[in-house]
Protein chains: 2
Amino acid sequence: MSRILSRRDLDFLLYEWLDVEALTSRERFADHSRETFDAFLDLSARIAERDFAPHNRQADLAEPTFDGERVTIIPEVAAALKVFNESGLLSAGLDAEVGGMQLPHVVARACFLWFQAANIATSSYPMLSIGNASLLLAHGTEEQIETYAKPVLEGRFTGTMCLSEPQAGSSLSDVTTRAVAQDDGSYRVTGSKMWISGGDHELSETIVHLVLARVAGAPPGVKSLSLFIVPKHHVAADGTVGERNGVALAGLNHKMGYRGTTNAVLSFDDATGYLVGQEGHGLAYMFHMMNEARIGVGSGAVALGYTGYLHALDYARERLQGRPVAAKDPTAPPVPIIEHPDVRRMLLASKSYVEGGLALVLHAAKLLDEPSAENDLLLDVLTPIVKAWPSQWCRLANDHAIQIHGGYGYTREYPVEQFYRDNRLNSIHEGTDGIQGLDLLGRKVVMRDGAGLTLLLDRIRATAAAAPPDLGKPVLNAADRIAATTAKLWAGGDPTVALANSTAYLDAAGHLVIAWMWLSQHAATEGKEGDFYEGKRLAARYFVTHELPRVGPLLDLLDTRDTLLADLNPRVL
Amino acid sequence: MSRILSRRDLDFLLYEWLDVEALTSRERFADHSRETFDAFLDLSARIAERDFAPHNRQADLAEPTFDGERVTIIPEVAAALKVFNESGLLSAGLDAEVGGMQLPHVVARACFLWFQAANIATSSYPMLSIGNASLLLAHGTEEQIETYAKPVLEGRFTGTMCLSEPQAGSSLSDVTTRAVAQDDGSYRVTGSKMWISGGDHELSETIVHLVLARVAGAPPGVKSLSLFIVPKHHVAADGTVGERNGVALAGLNHKMGYRGTTNAVLSFDDATGYLVGQEGHGLAYMFHMMNEARIGVGSGAVALGYTGYLHALDYARERLQGRPVAAKDPTAPPVPIIEHPDVRRMLLASKSYVEGGLALVLHAAKLLDEPSAENDLLLDVLTPIVKAWPSQWCRLANDHAIQIHGGYGYTREYPVEQFYRDNRLNSIHEGTDGIQGLDLLGRKVVMRDGAGLTLLLDRIRATAAAAPPDLGKPVLNAADRIAATTAKLWAGGDPTVALANSTAYLDAAGHLVIAWMWLSQHAATEGKEGDFYEGKRLAARYFVTHELPRVGPLLDLLDTRDTLLADLNPRVL
């Protein structure tokens, strides 16, 4: 069996590159040390390998079913979640006062990557629960935290986020779910919610739905949405789970991948709900969590790509076939396919994507551990890239993994086709790639007079200036170009023109950021010898010479302020 | 329900662009006319829509099963094939003397596209049978044609091609299946064959396997392989199907897509086989058919991409969501998503891929109808591109179709996710993309002192020179660059250096060829008004301005004769 993830790479990134040990000098992490970090990483690897990975294929083949009464899920999922819940990992990153371990985000993120790589579908349940509870910890009342968030963190309850509706996926301003205030301070919530991951199942005593809805009489638009706790069952003040609330499973969606995660259409019919925070602030609360959720999606995309790469690497080392192109003797024994340059291309490209993506995810997570005005701003700018770039490029690593396996890779006898199908979701949920492009170019790089972009480019330039010139110079050039292009795009102030090619902008910025991650890793290998460090340096070189040049034509196009797409008459399609 | 294909586009390509009617001045097609062409196209569309499309999803959900005794396939497949076989389409392109209609290849190809777009899995059975029978018509004895090829063309039998083995996929020199000559002139064939599409089923009275094997005592290498007819059942001289031959189904492969097509591991155990042609010429006979088979794969990739594009187009016109970025009023009604520039980008890109790919496939097919030294040479050079380019880029159209559908596109409630899974195979079978790159750069552009590349570039330059300069000039530049790059790569004569980045070369050449297809289509719209022609002109412009620039960095890389991949120490991965 192939490795799920590379602990060697995680150790390099955490300790040699990001110097995560230094975080222990901060008060929040004072009780931690490399030993405790390692213990959590070891524990995660062990549970992921033993309890999560073995049922990954089975959960794909036998997806959850709904008989009209209840949802049935293969028992291995509940068994794995029981182990996970008992491990303390659910609240590892949270405050000690709510039972957490105050583990740095960056370490918690590395731990969780093991579960995402081992079994993305089963890992979705705790991921959703952590996001759900974290939101309540930040914005809920003490009573809400006691009644809902703590049981979620204990694993007794699970949590969801209910944003989308059948007619409103990316467009939350069109949310029509209604909430009517009652005399007792609660609300009655009615409406239909779509794409609710973990929306129904019997894996927990009850499910805490966080539901975005509009209070009766509130004006249209996103700024009048409110957020409600709507439990699947009523929960008494003493924590007892009682009768069903007015939430029904209208049906399960049948997906191409991520099949082990139930994905539900939920009907809320006069369901009892409890307002979180203030009316009209629902979306702001949700967006408070969005950075983490989007890093979580990017992280899942990295995990799937990474594990696919490792499987392909093992296969390429073992599978004997063909001879070098210069070989003349057909009786020579076949060579491992890793000897063929095109197989190496796919492997090295994949390595550059998954290790580059992993570096970005961990870099972003560490910004959460060292909050400051600058770091918060940088994280804001990076978030759409952290979300979208791995969803595209680590998926390409999954594509390469199939290709390296040849016909075998296309069969369900090998795991790589599932990784490919699973990873396809990550470009869609939590905001599509297109939405991330609009977020980056339409908001993040222009907010505060472009302070975020300036900060990002300053950091990139500092790293590039310190790199060997043949690697640093192309990155410096790309950074200069993207600054100029951004100014040019917004020079007219017309969002239609500026945003007409926002996806090309996201693609260019994404590749620049990953090139930065590679130069930064390259710097961390200085003076170190051995295959591992050679591999890092080679991947950095590969990314700068083979991948970064893609940025040129994208910026050329953007510089023309081309409006072919914005102007076209849709009838000609 | 969305259209399967665009008849309007086929009419444009066949009649307005390729002037297929002019073929009727050739003796072989003298009995044909636009009316007969149209009749075949109408018939194909009708059968594809009525008999093939409706069970496309069902065949995916209920794939063939093997109980150890027999293979079970949903009955709709046999019913569809019965209609197909009775339509005369199996032999439409073949000589009248074997019962064919002498339909031009280009028209037969257009007809078959309907079936591939409607149901790629069910269409595989006749595609394989046609290839099988055509090979025997070209290289078999009269008796072999009577006994095997004619029943295949009547639909009583079906045919396969058995090349790969479990240990030898792309590397046919490692084929180990053995054939031992018997006193009666037959052979005993023993070995294991892998990835045999249509390798077992009960859709026909018997199955005619064409098996690549090595005669006992023959030297190693591809040049000593021979080709054998090995029927599943013995067939008597009078055509009666008798007892089972020594061919057993060892198992079915379970694929990510193309699930409706059985894909088998076959065990040959002293099976009776009959030599086709001469010993040692087996691979040459197979390669004789390879141009057509590879056009068939490229055609399937186009068909899947095209139908996915049409589904996405319909969805984007109907689905209401969001408002233009410049809109301020959240109460304004939502717009069809086709109004969003990023959705338009995906649609226009997809249009440029699928209509560009379709043009290439039909152009290649027409070269078969006008055989000449020049046309044969051009087809040889184009074949790896016809095979690989649509497999990558029309698959990207399928990817875009999912993205345009958002979460819905990721579910099995919509057809686009199946198209995406199905199309993933086309980069693998009949020679992977990597193999096509080696074929193009290692053989096709260097053979005959580069005559093929010179011819291709001459044709491209002639089209580009006649185009509006803003469209023609970038294509002329790319053509000049690829000529220079090719010379530079081979200047040292070292295949390891020349071929180190053959996939980048294939990618660059592919985009150049499709740009040429677009300029040529653009020329055919001259003086014509209306949405359809505007769409063609816009897609041509899009391809030249948004897609062709990808070629620049690829050629830059190739020009450096970069050997990063060839030289790397695999231990660093």
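Just so it is clear: chains get the letters A, B, ... in the order the sequence lines come, proteins before strands, and each one is counted from 1.
To the nearest 0.5 Å, the span separating OG on A:S502 from NE2 on B:H340 amounts to 11.5 Å. Atom CD of A:Q436 is separated from atom CG of B:D342 by 11.5 Å, given to the nearest 0.5 angstrom. Atoms CG and CG, on B:L564 and A:L538 in that order, are 4.5 Å from each other to the nearest 0.5 Å. Atom CE in B:M256 sits 11.5 Å away from atom CD in A:Q418 (nearest 0.5 Å).
Of the two parts of B:H429, neither the backbone nor the side chain holds a non-hydrogen atom closer than 4.5 Å to a non-hydrogen atom of chain A. Contacts between A:R421 and chain B at a heavy-atom distance below 4.5 Å involve backbone atoms as well as side-chain atoms. Neither the backbone nor the side chain of A:Y533 comes within less than 4.5 Å of any heavy atom in chain B. B:P219 does not touch chain A: none of its heavy atoms, backbone or side chain, sits under 4.5 Å away. Looking at A:M194, only its side chain comes within 4.5 Å of chain B, counting heavy atoms on both sides. Only the side chain of B:D562 comes within contact range of chain A, with heavy atoms under 4.5 Å apart. For chain B, the nearby parts of A:I402 are the backbone and the side chain; heavy atoms of each come within less than 4.5 Å. In this structure, chain A has a heavy atom under 4.5 Å from the side chain of B:R319, while its backbone stays farther away. For chain A, the nearby parts of B:L425 are the backbone and the side chain; heavy atoms of each come within less than 4.5 Å. Proximity to chain A (any heavy atom under 4.5 Å) is shown, for B:E355, by neither the backbone nor the side chain. When heavy atoms are compared at a cutoff of 4.5 Å, B:L348 approaches chain A by way of both its backbone and its side chain. Both the backbone and the side chain of A:P166 come within contact range of chain B, judged by heavy atoms closer than 4.5 Å.
The choice from A:F532, A:W195, A:Y258, A:Y542 that makes the most heavy-atom pairs within less than 4.5 Å of chain B is A:W195. Counting heavy-atom pairs under 4.5 Å between each of A:L172, A:T503, A:T560 and chain B puts A:T503 at the top. Counting heavy-atom pairs closer than 4.5 Å to chain B, the top-ranked of the candidates A:G530, A:A500, A:G257 is A:G257.
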Side-chain atoms of residues 565-573 of chain A: list all donor-acceptor pairs with protein atoms under 3.5 Å, sequence neighbours left out, distances to 0.1 Å.
residue : atom : partner : partner atom : Å
A:D567  : OD2  : A:T563  : OG1          : 2.7
A:N569  : OD1  : A:R571  : N            : 2.9
A:R571  : NE   : B:D531  : OD2          : 3.0

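Annotation: side chain of B:R323 is in contact with side chain of A:S173 (closest heavy-atom distance under 4.5 Å). Under the 4.5 Å side-chain criterion, counting only non-hydrogen atoms from C-beta, B:H546 is in contact with A:N501.
Between A:G322 and B:D174, the shortest heavy-atom distance links the atoms N-OD2, 3.9 Å. The two residues B:P549 and A:P553 come nearest to each other via the heavy atoms O-CG, 3.5 Å.
Using non-hydrogen atoms only and a strict 4.5 Å limit, the part of residues 405-414 of chain B facing chain A consists of B:G406, B:G407, B:Y408, B:Y410, B:T411, B:R412, B:E413.
At distances below 3.5 Å, at least one donor-acceptor pair connects side-chain atoms of B:R424 with backbone N or O atoms of A:D399.
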